[in-house]
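In what follows, chains are A, B, ... by sequence order, proteins preceding strands, each numbered from 1.
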Amino acid sequence: MKNKIQNLTQRATENAYKNGLFPFSDFPEIEVEEPKNNAQGDYSTNIAMKMAKIQKMAPHKIAEAIVSAIEDPEKILEKCEIAGPGFINFFIRNESWYPFLKNIHEKGKAYGSSNIGLCKKLQVEFVSANPTGPLHVGHGRGAAVGDSVANILSFCGYDVQREYYINDSGRQIRTLGLSVFLRYQELFGEPVAFPEDCYQGDYIRDIAIALQKNHGRELLFQKKEEAIDRCAKYAAEIILDGIKTDLIDFHVTFDKWYSEQSLFDSKKVETIIREFKDKKIIYEKDGANWFKTSDYGDEKDRVVIRENGLTTYFAADIAYHKDKFLRGFNRVIDVWGADHHGYIPRIAASVEASGYKKDQFHVILVQLVNLLRGGEPVAMSTRSGEFVTLKEVVDEVGSDAARFIFLTRHYESPLDFDLELAAKKTNENPVYYVQYVHARISSIGRKAAEEKKINVMDWDENVIHLLQEPEEIQLIQQMVKYPETVNSSAETLEPHRITFYLMNLASSFHAYYNKHKVLSENKDLTEARLYLIVAVKIVIQSGLALLGVSAPDKM
RNA sequence: GCGCCUGUAGCUCAGAUGGAUAGAGCAACGGACUUCUAAUCCGUAGGUCAGGGGUUCGAAUCCCUUCAGGCGUGCCA
């Protein structure tokens, strides 16, 4: 509809010029927007104001010229008004909306989808938590955001792959091994000093116990480093399995689990470092090897090989990101915790140095989650091992509520997550507000089939014509905005736009529901209204699916 | 110190590409269930868009500056 208005204005402007109403043929791009105020029409354009300077005419005069030249062969317009400083306001005839309603039924589940992605291969990498402990709430937010972004992009025609990068090498893995080994030794009554920088959580003890069960005391007789290494592998596997289970319970799945260690095993890290050395992008100083990230906009150069000969995490990341592009992804999106933002320039630098464009790489920074219970902060400290895990949250409030709440904020604003509120089944909790729409419509559908013997509604121009209530037209208008909302959500990588859209649509539906009865003695009207609300159901279901939230038929 | 993010109603937050009288939800107050599910609806009230300057027909939005909070600024990840 917006496009139609835009085209119509475009033609009118050109016609006006042909008719000699404008001195110059230089026309700015036509912007059409939806005024908040109903009195200002369904759509409006500011074109007259934008043209004022070029044409050296008063905006009002320009608007008059354009309006006089409007052709409306499809008869979509009710009327056209010039208002304020020179806005042209368009009022749409009710009948013009009906084809859009029909379109929703015809497209069904595909309504709102598009091909703006042109089947381009795109990767979303998210969560990627170290396999050194269970996922916590912050990871949950990242998981919800990443998964939803992937859903949305896929819906918009991208060929999306979801990937989890496993940091299964390096120091933190050794620390994990050491932590487990020490706890293991403890089990045999050996007095051990447990360092502060080891992992403190109880899950480490559980792993040590499992290890004892399966392997008895054999690790005690191994060389210490070998034992630690075995502990590390053993623990990482158990923890990673736990992470996978937690994610499945949170309805998040991945297409690929990519091992950091494999980058070393396949010599990819070695290769890229040699390559960059040859290109003089990596140089030696103070016994270490430095990447000239400052040539690509970073504030200083970064170490890739330490003085002790070990590579840094960054070295693996250079190889990893290059590998992403080598695997054929045109666009790569990383979802990180906001505390890693200082890392962006150096990865962007590595992408550029590898021969790709900066804008092919994008980072979504997800802010922290403050966990509350009844308004009181819940103590969280990774250090002491006292943190609330994602699993605990999902067990307590459910996956739907958790995911929805994670997506009710722009990911760049910090989020207060109140466990008590999330578990509440009242209108303080927006998940149920939206899901309730779906349940209500399903319920009406069941009732219609039982009592009115009405099942499938076919498009019937004459029946649909009975939809004349302002609330009904408004519902259609809002549903027409769904595809635009999905697109803008994909372009900006902001899933919360879908969340807010759904809350708005839900609000309109609930208001309609309370004001007008769908099922009545008037069979035609009943059919028309069923046709309308089933469309609402389709859109709600679609939007919730993009968020990874279920759409229940009963509540 | 430097860099990034944030600052909008009592609280939690939306307001992409500058547009008309800045919007929701919660909390507060007043109403609506012999009714397709009250997990709902209707109404009232609530604002110096952190402060100040600038850009222009027009700024919550862009620029400069001040203030407040968070994060980053490792040969850690």
Which residues share a salt bridge (Lys or Arg N to Asp or Glu O under 4.0 Å) with [X], sequence neighbours left out:
X	answer
A:R174	A:E225
A:R141	none
A:K517	none

Taking the [atom1] atom of each, how far is [N] from [M], in whole Å?
N	M	atom1	answer
B:rG15	B:rU6	P	11 Å
B:rG18	B:rU55	C1'	11 Å
B:rC49	B:rG7	C1'	10 Å
B:rU66	B:rG1	P	11 Å
B:rC62	B:rG46	P	30 Å
B:rA27	B:rC41	P	12 Å
B:rC11	B:rC33	P	35 Å
B:rA20	B:rU34	P	43 Å

Using 30° and 60° as the class boundaries, would you call the ring planes of A:Y165 and A:Y320 parallel, tilted or perpendicular?
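Ring orientation, 0 to 90° scale: parallel.
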Calculate the interatomic distance between [X] atom [atom1] and [N] atom [atom2]; express it in whole Å.
X	N	atom1	atom2	answer
A:F509	B:rA39	CZ	P	14 Å
A:D553	B:rC36	CG	P	19 Å
A:D400	B:rA39	CG	P	18 Å
A:Y433	B:rU12	OH	P	22 Å
A:N514	B:rC41	CG	C1'	4 Å
A:H410	B:rG25	NE2	C1'	19 Å
A:E451	B:rU35	CD	P	13 Å
A:E471	B:rC42	CD	C1'	12 Å

Next on the checklist: Working to the nearest 0.5 angstrom, can you tell me the gap between A:K515 NZ and A:E472 CD?
Outcome noted: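 Here the interatomic distance stands at 10.5 Å.
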Nearest-0.5 Å distance that lies between atom CD1 in A:I441 and atom CD in A:Q541: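 Here the interatomic distance stands at 11.5 Å.
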| message | Under the rule for side-chain contact (heavy atoms from CB on, under 4.5 Å), what residues qualify as partners of A:Q478, not counting sequence neighbours? | response |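 Checked A:Q478 against side-chain contact (heavy atoms from CB on, under 4.5 Å); matches are A:Q474, A:N504, A:L505, A:S508.
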In chain order, what residues pass the side-chain contact (heavy atoms from CB on, under 4.5 Å) check against A:K268, with sequence neighbours excluded?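 Checked A:K268 against side-chain contact (heavy atoms from CB on, under 4.5 Å); matches are A:Y258, A:L263, A:S266, A:A319, A:D323.
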Touch class at under 4.0 angstrom, heavy-atom based, for [X] against every strand present:
X	result
A:H438	nothing
A:N89	base
A:S44	base
A:E33	sugar-phosphate
A:K517	base
A:A448	nothing

Nearest-nucleotide 5' precedence on RNA chain B, A:R409 against A:R440: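 Counting from the 5' end, the first nearest nucleotide belongs to A:R409.
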Does any nucleotide pair with [N] by Watson-Crick or G-U wobble geometry, both distances under 3.5 Å, and what is it?
N	answer
B:rG58	none
B:rG1	B:rU73
B:rU34	none
B:rC67	B:rG7
B:rA28	B:rU44

Can you run down the salt bridge (Lys or Arg N to Asp or Glu O under 4.0 Å) pairs that involve [range], sequence neighbours left out, and say none if there aren't any?
range	answer
residues 303-319 of chain A	none
residues 429-442 of chain A	none
residues 331-349 of chain A	A:K324-A:D334

- Item | Contacting residues from residues 479-504 of chain A, given that a heavy atom lies under 4.0 angstrom of RNA chain B |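 Those residues are A:H496, A:R497, A:F500.
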Do the side-chain N and O atoms of A:Q435 and A:D400 include a donor-acceptor pair separated by under 3.5 angstrom?
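Result is yes, a qualifying pair exists.
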Original post:
Are A:F126 and A:Y164 close enough that their ring centres sit under 6.0 Å apart?
Top reply: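 No.
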> Counting distance only, does the side-chain N/O of A:T293 pair as donor-acceptor with the main-chain N or O of A:K300 below 3.5 Å?
Replying inline: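 Yes; at least one donor-acceptor contact below 3.5 Å.
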* To do: Look at the side chain of A:N522 and the backbone N and O of A:D524, then say whether any donor-acceptor pair between them is shorter than 3.5 Å.
  =>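 Answer holds: yes.
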- Between A:R446 and A:E450, is a salt bridge (Lys or Arg N to Asp or Glu O under 4.0 Å) present by the stated rule, with each step listed? CA-CA 6 Å; A:R446 285 192 295 271; A:E450 285 163 25; 5.7 Å; no
Has A:Y513 got a side-chain N or O lying under 4.0 Å from the OP1 or OP2 atom of B:rA38?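 For B:rA38, OP1/OP2 do have a side-chain N/O of A:Y513 under 4.0 Å.
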Between the protein and nucleotides 56-61 of chain B, which nitrogen or oxygen pairs come in under 3.5 angstrom?
| unit_1 | atom_1 | unit_2 | atom_2 | d |
| --- | --- | --- | --- | --- |
| B:rC57 | OP1 | A:K53 | NZ | 3.3 |

With sugar-phosphate taken as primed atoms, P, OP1 and OP2 and all else as base, the protein-contact string of nucleotides 68-77 of chain B at under 4.0 Å (heavy atoms; B, S, -) is ---BSSSBSB
Tell me whether A:F87 and B:rG19 count as stacked here, given that the ring centres must be under 5.5 Å apart and the planes must differ by less than 30 degrees.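 No, A:F87 does not stack on the base of B:rG19, since the centre distance and plane angle fail the 5.5 Å and 30° test.
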Could you go over nucleotides 29-31 of chain B and give all protein N or O partners under 3.5 Å, atom names and distances?
none

Check: Is there side-chain contact between A:I347 and A:F361, with at least one heavy-atom pair below 4.5 Å?
Finding: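 The answer is yes, as the side chains (C-beta and beyond) meet within the 4.5 Å cut-off.
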